[in-house]
Engineer: 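Okay, handing you the structure first.
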Amino acid sequence: RLNRDLWLRALAAAAAGIALCAALAAPPAAMCARPLEREGNPMSKELNIPACGEPGIVTRDTQLYSPDTCARELAQLNRRYPGVTALALVGTSHLGQPIYALKMGNDGAGRRVLVQAAMHGREWINAQLVMAQIEDYLSGEEYAPLLDEACFLLVPMCNPDGVRIAQEGAGWIEDEEARALVEDLIARSGQAHDQWKANGRGVDLNRNFDARFAEQTDPRETAGPAYAFYRGERAESEPETQALVQLTLEFQPTVTLSY
């Protein structure tokens, strides 16, 4: 089982980190707040956070945290806190899984914090951590001033394909060619499937952005698709990367936080 004390300490540290980011995110004078123009509820600039007398939503005591669980609990949080959250489908993974973002706080605030997690499949616990953060911030009265002064956009699971591969292997993949590729890459890696980092096409999303794309010199990098370390054919070649780039351009964060 997970070490609960360690997990709780990590959650406390993460909460402190995101609060510090919001406090230090001084917005550029020319930057204006923009709404998340996707499906979901409009954001309210006047927060009305209900007292937390209801049972918790986010699963915190399981060995695995799946994309389906993440999506379901995001929808439940959005329904419980409709005046202070907006939920949007912001992209689709290579294998067709949805990628969601939840906005919370004051959309008119100048301090804008973008949080993303689970870029690597095997780091799925970071998605669970961010989900717990979201619930704690929404349900805790002590965070009301922070949510009034800042806007947060959170993408708890950037790489749902990689998460499922790391948790389940390749058996769930319906497309035969895609499943065969993942099975082959796992076999050639010499690693168990729970070490998978890439997306469903064998591209390490963390290396697929255009930031110094041509300058990467990691000796572990591969020339083609792999369980990890392959940057892709070109910068921003993957749908997951493209979704995050577009989301960033729309949201115009003053600070970002990656798990």
Side-chain angles (χ1 to χ4, degrees), residues 2 7 10 14 62-71 90-101 114-131 154-173 175 177-245 247-248 256-259:
L2 297 175
W7 195 93
T62 57
Q63 286 290 309
L64 298 177
Y65 194 74
S66 70
D68 284 347
T69 300
C70 184
V90 297
T92 305
S93 71
H94 173 68
L95 295 176
Q97 295 193 97
I99 300 171
Y100 293 103
L114 175 62
V115 180
Q116 61 84 13
M119 184 78 70
H120 289 147
R122 70 187 187 190
E123 297 166 10
W124 56 264
I125 196 170
N126 290 336
Q128 192 173 25
L129 179 67
V130 169
M131 289 293 292
L154 305 104
V155 187
M157 194 172 287
C158 299
N159 183 10
D161 291 351
V163 168
R164 287 200 68 179
I165 293 169
Q167 293 182 351
E168 305 175 40
W172 62 276
I173 302 173
D175 182 86
E177 184 177 350
R179 183 171 64 251
L181 172 65
V182 171
E183 289 173 341
D184 179 61
L185 295 180
I186 292 173
R188 286 196 282 136
S189 73
Q191 306 280 345
H193 65 77
D194 63 4
Q195 293 303 298
W196 187 273
K197 296 177 68 175
N199 71 348
R201 205 163 72 96
V203 175
D204 193 326
L205 297 176
N206 200 40
R207 299 162 180 258
N208 190 239
F209 294 93
D210 67 354
R212 299 182 178 177
F213 179 81
E215 302 172 25
Q216 297 180 36
T217 58
D218 190 333
R220 298 172 298 176
E221 185 171 354
T222 65
Y227 85 102
F229 311 128
Y230 175 53
R231 77 178 87 172
E233 300 170 356
R234 62 186 184 281
E236 298 172 10
S237 61
E238 303 309 295
E240 300 91 343
T241 311
Q242 294 166 11
L244 288 172
V245 169
L247 192 65
T248 303
T256 64
L257 183 61
S258 302
Y259 289 96

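A quick note: this is a predicted structure, and the numbers were derived from the prediction, not measured. If you read the sequence from its start, that first residue is 1, and numbering goes on from there.
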Engineer: Is there a donor-acceptor pair closer than 3.5 Å between any side-chain N or O of Asn208 and the backbone N or O of Ser237?
Structural biologist: yes

Engineer: First locate atom CG of Leu244, then atom CG of Asn159, and finally report the distance between them rounded to the nearest 0.5 Å.
Structural biologist: 10.0 Å

Engineer: Can you list everything that forms a side chain to side chain donor-acceptor pair (under 3.5 Å) with Gln167? Sequence neighbours excluded, please.
Structural biologist: none

Engineer: Mind checking what makes salt bridge (Lys or Arg N to Asp or Glu O under 4.0 Å) contact with Glu238, not counting sequence neighbours?
Structural biologist: Arg201

Engineer: Who are the salt bridge (Lys or Arg N to Asp or Glu O under 4.0 Å) partners of Arg179, not counting sequence neighbours?
Structural biologist: none

Engineer: Would you please name every residue forming a side-chain contact (heavy atoms from CB on, under 4.5 Å) with Thr92, sequence neighbours left out?
Structural biologist: none

Engineer: Looking at every heavy atom in both Pro156 and Leu154, which two are closest together, and how far apart are they?
Structural biologist: CD-O, 3.4 Å

Engineer: With Asp194, which residues qualify under side-chain contact (heavy atoms from CB on, under 4.5 Å), at least two apart?
Structural biologist: Ala192

Engineer: Are the side chain of Gln242 and the backbone N or O of Glu236 linked by a donor-acceptor pair below 3.5 Å?
Structural biologist: yes

Engineer: Tell me every residue that passes side chain to side chain donor-acceptor pair (under 3.5 Å) with His94, counting only those two or more places apart in sequence or in another chain.
Structural biologist: none

Engineer: So, taking the atom named CZ in Arg231 and the one named CZ in Phe209, what distance separates them when rounded to the nearest 0.5 Å?
Structural biologist: 15.0 Å

Engineer: Find the distance between CD (Glu123) and OH (Tyr259) and round it off to the nearest 0.5 Å.
Structural biologist: 13.5 Å

Engineer: Which heavy atom of Leu185 sits nearest a heavy atom of Gly202, and at what distance?
Structural biologist: CD1-CA, 4.0 Å

Engineer: Could you check whether any side-chain heavy atom of Leu95 comes within less than 4.5 Å of a side-chain heavy atom of Ile173, counting everything from C-beta outward?
Structural biologist: yes

Engineer: May I ask you to test the Gln128-Thr62 pair for a side-chain heavy-atom distance under 4.5 Å?
Structural biologist: yes

Engineer: Which residues pass the side chain to side chain donor-acceptor pair (under 3.5 Å) test with Gln191, not counting sequence neighbours?
Structural biologist: none

Engineer: Which residues satisfy the side-chain contact (heavy atoms from CB on, under 4.5 Å) test with Ile186, sequence neighbours excluded?
Structural biologist: Ile165, Val182, His193, Trp196

Engineer: Measure the spacing between CD of Gln116 and OG1 of Thr256 and express it to the nearest 0.5 Å.
Structural biologist: 8.0 Å

Engineer: Going by side chain to side chain donor-acceptor pair (under 3.5 Å), name the residues that satisfy it together with Glu168, two or more places apart in sequence or in a different chain.
Structural biologist: Arg164

Engineer: Ignoring hydrogens, what is the shortest heavy-atom contact between Pro160 and Pro67? Give both atom names and the distance.
Structural biologist: O-CG, 3.7 Å

Engineer: When rounded to the nearest 0.5 angstrom, what is the spacing between CE in Met119 and CG in Leu205?
Structural biologist: 6.5 Å

Engineer: Could you walk me through whether Asp161 and Trp172 satisfy the side chain to side chain contact (heavy atoms under 4.5 Å, CB included) test, starting with their C-alpha distance in whole Å, then the side-chain angles of each, then the deciding distance to 0.1 Å, before giving a yes or no?
Structural biologist: CA-CA 10 Å; Asp161 291 351; Trp172 62 276; 4.0 Å; yes

Engineer: Could you give me the CA-CA distance, side-chain angles and deciding distance for Ser93 and Glu240, then say whether side-chain hydrogen bond (donor to acceptor under 3.5 Å, both in side chains) is met?
Structural biologist: CA-CA 5 Å; Ser93 71; Glu240 300 91 343; 4.6 Å; no

Engineer: What closest approach, in Å, do Asn126 and Ala118 show between heavy atoms, and which atom pair accounts for it?
Structural biologist: CB-N, 4.2 Å

Engineer: Asp184: what forms a salt bridge (Lys or Arg N to Asp or Glu O under 4.0 Å) with it, not counting sequence neighbours?
Structural biologist: Arg188

Engineer: Please answer whether the main-chain N or O of Thr69 pairs with a side-chain N or O of Ser66 as donor and acceptor at a distance below 3.5 Å.
Structural biologist: yes

Engineer: Would you please name every residue forming a salt bridge (Lys or Arg N to Asp or Glu O under 4.0 Å) with Asp204, sequence neighbours left out?
Structural biologist: Arg207

